[in-house]
Amino acid sequence: MSTVTLSKNRSYEWMMQLLGSMWFMLLGLCVAIRIGSFTDPWPSLLSSFCLAVFYMLLAVLIMTRSPAKAHADGLLPRIAAFVGSYMPWTISFFGKTDQALPNLLSTACVLIGMIMMLVTIRHLGRSFSLVPQARSVVQTGPYRWIKHPLYFAEEIVILGVVLQYLTPVTVLILVLHIGVQVCRILYEEDLLRRTCPEYSSYEASRWRLVPYVW
């Protein structure tokens, strides 16, 4: 790879990190403004607080991720990555429910998903990305049982967000997002097979998301 190409890749990756981090900081700020008003019932404030913390965590993770060994080829993997990464979080701009039960269930989902994500990232290290990228094949922690624990944790959090902003539209966004995530997983696996020789033997003995299901 030439010096010019390498420089362009690094510039592109840095720009994507900056934009992604700023996006989640903006979402965190929007949710935090609701907390600062103190006009909502406490279950609603609690769920908003957990969501704001989650957004800030994502912003930090994006800014501190390590350089990739390789990127997925073509436009479709990048489109799937950006739609999957950013579309579901636009739910935070919808009207929020004040009902206690959905907000308490949302708090539980966000906390469980966030804890799962932190445990996963402890083993994943800085190999965190939005666009399908190859860094290394992690086989410790939750990666001993499933190949994509981070996606699984993310879906739990998104379910929690949908519960906060529960409408037919947000449920439809959740369903569409699951479909996009499946595409992201397939693109990522293809990239890892081509980039990391050890991945083929690893994936042969692991489930993707849910053991004995898929």
Side-chain angles (χ1 to χ4, degrees), residues 19-62 79-121 128-131 142 146 148-188 208-211 213-214:
L19 291 176
S21 183
M22 289 177 63
W23 165 250
F24 285 110
M25 284 184 179
L26 173 64
L27 290 177
L29 178 62
C30 291
V31 175
I33 290 173
R34 182 186 298 273
I35 301 172
S37 65
F38 289 102
T39 57
D40 293 339
W42 71 265
S44 179
L45 293 175
L46 179 61
S47 61
S48 294
F49 174 77
C50 292
L51 185 57
V53 171
F54 177 77
Y55 284 146
M56 293 303 177
L57 173 64
L58 282 182
V60 171
L61 291 174
I62 291 171
I79 292 175
F82 283 111
V83 171
S85 299
Y86 300 121
M87 177 188 69
W89 310 116
T90 58
I91 292 173
S92 298
F93 296 113
F94 286 68
K96 190 174 188 294
T97 181
D98 291 332
Q99 297 180 22
L101 182 59
N103 277 290
L104 290 175
L105 290 174
S106 171
T107 299
C109 287
V110 173
L111 286 176
I112 291 170
M114 188 159 52
I115 291 170
M116 289 177 61
M117 181 174 288
L118 290 172
V119 171
T120 300
I121 290 171
F128 174 79
S129 65
L130 300 181
V131 178
I146 59 176
H148 305 282
L150 204 55
Y151 286 128
F152 185 61
E154 184 181 3
E155 289 309 313
I156 293 176
V157 176
I158 292 173
L159 174 60
V161 178
V162 169
L163 288 170
Q164 286 188 37
Y165 303 86
L166 191 58
T167 67
V169 175
T170 57
V171 172
L172 177 61
I173 290 175
L174 173 62
V175 173
L176 292 174
H177 182 257
I178 291 173
V180 172
Q181 292 291 72
V182 170
C183 293
R184 290 178 72 186
I185 286 172
L186 298 178
Y187 285 134
E188 183 178 305
R208 284 189 171 98
L209 285 180
V210 183
V213 178
W214 188 66

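None of these values were measured; they are calculated from a predicted model. Just so you know, these numbers use all the heavy atoms, side chains as well, and skip hydrogens, waters and symmetry mates.
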(Q) For Leu58 and Met117: C-alpha separation, side-chain torsions, deciding distance, then whether side-chain contact (heavy atoms from CB on, under 4.5 Å) applies. (A) CA-CA 10 Å; Leu58 282 182; Met117 181 174 288; 4.0 Å; yes
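- Taking each heavy atom of Asn103 and Ser47 in turn, the nearest pair found is OD1-OG, 2.7 Å.
- Atom CD of residue Glu188 and atom CD of residue Gln181 lie 10.0 Å apart, to the nearest 0.5 angstrom.
- The side chain to side chain contact (heavy atoms under 4.5 Å, CB included) search around Leu104 returns Trp42, Pro43, not counting sequence neighbours.
- Here the options are Val31, Ile91, Leu51, the test is side-chain contact (heavy atoms from CB on, under 4.5 Å), and the partner is Gln164; only Leu51 passes.
- Residue Pro149 comes nearest to Pro142 through the heavy atom pair CB-CB, 3.8 Å, listed as atom of the first residue, atom of the second, then distance.
- Rounded to the nearest 0.5 angstrom, Ile185 CD1 and Phe152 CZ are separated by 11.0 Å.
- The CG atom of Leu166 sits 5.5 Å away from the OG1 atom of Thr170 when rounded to the nearest 0.5 Å.
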**Q.** Trace of the side-chain contact (heavy atoms from CB on, under 4.5 Å) decision for Glu155 with Leu174
**A.** CA-CA 9 Å; Glu155 289 309 313; Leu174 173 62; 4.0 Å; yes
(Q) side-chain contact (heavy atoms from CB on, under 4.5 Å), that's the test. Do Val53 and Met56 meet it? Break it down for me. (A) CA-CA 5 Å; Val53 171; Met56 293 303 177; 5.8 Å; no
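- Between Cys109 and Gly160, the shortest heavy-atom distance links the atoms CB-CA, 3.6 Å.
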Q.
Using side-chain contact (heavy atoms from CB on, under 4.5 Å), reason through Leu61 and Phe24 one step at a time and then give a plain yes or no.
A. CA-CA 10 Å; Leu61 291 174; Phe24 285 110; over 6 Å; no
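- Taken from CG in Leu26 to CZ in Phe93, the straight-line distance is 5.0 Å, to the nearest 0.5 Å.
- Across all their heavy atoms, Ser92 and Val161 have their closest contact at OG-CG1, 4.4 Å.
- Minimum interatomic distance between Met114 and Phe54 (heavy atoms only, all atoms of both residues): SD-CA, 3.8 Å.
- Considering only heavy atoms from C-beta on, Leu118 comes within 4.5 Å of Leu57 through its side chain.
- Closest approach of Leu209 to His148, counting heavy atoms only: CD2-O, 3.2 Å.
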